[in-house]
2 protein chains.
Amino acid sequence: MAVTIRDVARQAQVSVSTVSRALSAPGLVKEATRRRVLDVVQGLGYQPNRAARSLITGRTGNLGIVVPDLENPFFPAVLRGVQTRAGEAGTSVFFCDSREDPLTEAELVRTMAPQVDGVVLCASLMSDEQIAELAGVTPLVLINRIVPGVSSVLMDSASGMDQVVTHLESLGHQHYVYLGGPAAVWSNNRRTQGLAGRAQLLGSFEPNFAGGVTAAEQALRTGATAFIAYNDLMALGALSHLAAVGVGVPQQVSVTGFDDILYAAMCSPALTTVTMPTEEGGKVAVDLLAALLDGGPAEHRELPTTLVARASTGEAG
Amino acid sequence: MAVTIRDVARQAQVSVSTVSRALSAPGLVKEATRRRVLDVVQGLGYQPNRAARSLITGRTGNLGIVVPDLENPFFPAVLRGVQTRAGEAGTSVFFCDSREDPLTEAELVRTMAPQVDGVVLCASLMSDEQIAELAGVTPLVLINRIVPGVSSVLMDSASGMDQVVTHLESLGHQHYVYLGGPAAVWSNNRRTQGLAGRAQLLGSFEPNFAGGVTAAEQALRTGATAFIAYNDLMALGALSHLAAVGVGVPQQVSVTGFDDILYAAMCSPALTTVTMPTEEGGKVAVDLLAALLDGGPAEHRELPTTLVARASTGEAG
DNA sequence: GTGAAAGCGCTAACAC
DNA sequence: GTGTTAGCGCTTTCAC
């Protein structure tokens, strides 16, 4: 087996507790002793056994994150933030993809719980009650979801949606249609609120490319001059359908997305959309989790979103 | 604290060792006893403490995976496969994104090593020597990379590239240019081999959208009628540049990608590309890792790839 | 087939 | 400031 704390203690001529303290409570040992211990640690390449440490402290040094769909680039972006911040703290990250299924989500959180100190739950599809219950099983932080009594970080999509509509208004549009995501999705309701009744609602479609195609098909029949999609994936689907049926974007119809995923800038016409503070959101979530683990109360943070006007929107025809 | 093995033992009227055996070596206890124990386990909701178990067995029940870029949809697709197969075995997955940096990659593997039973390394950018050395630190399985003595699963991109060229030939093209990925990338060399000298080489570009834009700019000067990109992200960049400068695809220039990421089918014109067995690759990697942990030798598997002809290729102009 | 007991490597009282 | 010691929850000899 590898080198243990006892090996270090022997070679540094101190007791095991001193080694332990030198490593995890540096203030409690004399500077000179600490130095000597650390030298030996370095020399031997000693790495504390995490299992042994966990067994006593009850902490694992791990954290979990559950996302609905890894293939929606929005979530990898959030993951980056989580990984970055967690890495700084020496924490490892378990990830899971729930495939947009609330039951799977709950199961994954429960499975992870014993081997992590807490879980970050991204755009959860569960009910408030289910989430509240899980928050009792393990420390929990939500991203883009609010449940009373549970820590959360919200990217302000209501404001983002407001910016979208204002942008379209400034271009002279008067008749918009909202290509809605699944009715049961919390973010969808939030975005609908941001519309404040200023758009005709169409819904509920799958929040992906195929859903966007279907939605655009229906939206064309409304005679609206602007399509506001629930997210970028749907907007891309809409763009594809409009191209297929020969409707000019933005000459005949303007299209907007939401999230500003990598591909929003890559498609043609480039998509007007709302930038989400994804990486920042991931980092803040980790911070909130840390605060929770330190015994703090549940907290809520809100992060701003920004409209990015690109080529898919233009003057009303 | 939670319910321990002792609680189960007491209530089932057996010793802790019997409980332990009933759970991890069912063959060693009488059927009746085993039943009784399992009933109590169920009733109490007992879950063995993984830290305690690890401390003795030396196994963590975890596995790690390192990918170069989570935002390239190719990798989330592989992750899905890994997660699926690992989940079936009750194994949790740590993920890490190396941001296309070989040093980070090595560091991540070393960091993970103590808390996982093995690591899956995706499209590694490290040298053969570095990889071989890491394989000594922890059980290792490579995806899309071959290093002697190290287990690996390869998606056969040489054959894929061959299919691409054959397809272009059948459309009457005679002058192709290859928009190459980074020269140091193993997969890039592999794909170049698949070209077998039948295309003019241009390189080395960043394997992303921006790289594709730059590459297309240069490729236009060659007068070639078909652009073969290292991967889909580059192909999308090329498509974007061609649209920007008013070059018709596929009327004037045909474009092909590689990987068949989600967006390959979504862009317009839809991209002709090569489908990679991503999810399957992830699953096989987990299997190889399991075999390794069971004391088996390093193994190598090869998975087939298939050309998907879409709208971005057509008859030579 | 089952039980008793010895640790796995570490931290946290508790003494000094 | 530092050392001694008692476990954390589990698996695994070794007896019976």
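All values reported here derive from a predicted model rather than from experimental measurement. We use all heavy atoms of the structure for the numbers below, so side chains are in, but hydrogens, waters and symmetry mates are not. Letters go in sequence order (proteins before strands), and every chain restarts at 1.
Taking atom CD1 of residue A/Ile5 and atom C1' of nucleotide D/dT4, one finds them 14 Å apart after rounding to whole Å. Residue A/Leu23 contributes atom CG, which lies 16 Å from atom P of C/dG9 at whole-angstrom precision. Protein atom CZ of B/Arg6 is 12 Å distant from nucleotide atom C1' of C/dA4, rounded to whole Å. When rounded to the nearest whole Å, the span between CG of B/Asp7 and P of D/dC8 equals 12 Å. Atom CZ of B/Arg59 is separated from atom C1' of D/dT12 by 16 Å (rounded to the nearest Å).
Looking at A/Asp7 and A/Arg10, a side-chain N of the basic residue comes within less than 4.0 Å of a carboxylate O on the acidic one, giving a salt bridge. Taking 4.0 Å as the cut-off between side-chain N and carboxylate O, A/Arg85 and A/Glu88 count as a salt-bridged pair. Between B/Arg34 and B/Glu31, at least one side-chain nitrogen of the basic residue sits less than 4.0 Å from a carboxylate oxygen of the acidic one, meeting the salt-bridge criterion.
Taking only side-chain nitrogens and oxygens, A/Thr4 never comes nearer than 4.0 Å to OP1 or OP2 of C/dG9. Phosphate proximity of C/dG3 to B/Thr18: present, with a side-chain N or O under 4.0 Å from OP1 or OP2.
Partners of B/Ser92 by side chain to side chain contact (heavy atoms under 4.5 Å, CB included), not counting sequence neighbours, listed by chain and number: A/Phe94, A/Gln115, B/Arg50, B/Asn62. Annotation: side chain to side chain donor-acceptor pair (under 3.5 Å) contacts of B/Ser20 (sequence neighbours excluded): none.
Residues A/Leu79 and B/Glu71 form no side-chain contact, since every pair of their non-hydrogen atoms from C-beta on lies 4.5 Å or further apart.
Within the helix from C/dG1-D/dC16 to C/dC16-D/dG1, the inter-axis angle between the opening and closing five-pair segments is 30°, rounded to 10°.
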Can you pull every protein N or O that's under 3.5 Å from an N or O on nucleotides 14-16 of chain D?
none

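Within the model, atoms CD of A/Gln47 and OG1 of A/Thr4 stand 13.5 Å from one another, a figure rounded to the nearest 0.5 Å. Atoms CG and CD, on B/Leu288 and B/Glu299 in that order, are 5.5 Å from each other to the nearest 0.5 Å.
Nucleic acid contact class of B/Ser20 (heavy atoms, under 4.0 Å, all strands): base.
Closest-nucleotide positions on DNA chain C for A/Ser24 and B/Leu28 were compared, and the one nearer the 5' end corresponds to B/Leu28.
Distance from the side chain of A/Ser17 is smallest to D/dT4 among D/dT4, C/dG3, D/dT2. When each of D/dC8, C/dT11, D/dT11 is scored by its nearest atom to the side-chain atoms of A/Leu55, the top-ranked nucleotide is D/dC8.
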Verdict with reasoning, B/Asp117 to B/Thr60, per side-chain hydrogen bond (donor to acceptor under 3.5 Å, both in side chains): CA-CA 6 Å; B/Asp117 297 334; B/Thr60 62; 3.0 Å; yes
Test log, rule side chain to side chain contact (heavy atoms under 4.5 Å, CB included), inputs A/Val120 and A/Val67: CA-CA 9 Å; A/Val120 175; A/Val67 300; over 6 Å; no
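Contacts of residues 32-53 of chain A with DNA chain D (heavy atom under 4.0 Å): A/Thr33.
Identified under the salt bridge (Lys or Arg N to Asp or Glu O under 4.0 Å) test for residues 107-116 of chain A, with sequence neighbours left out: A/Arg110-A/Glu133.
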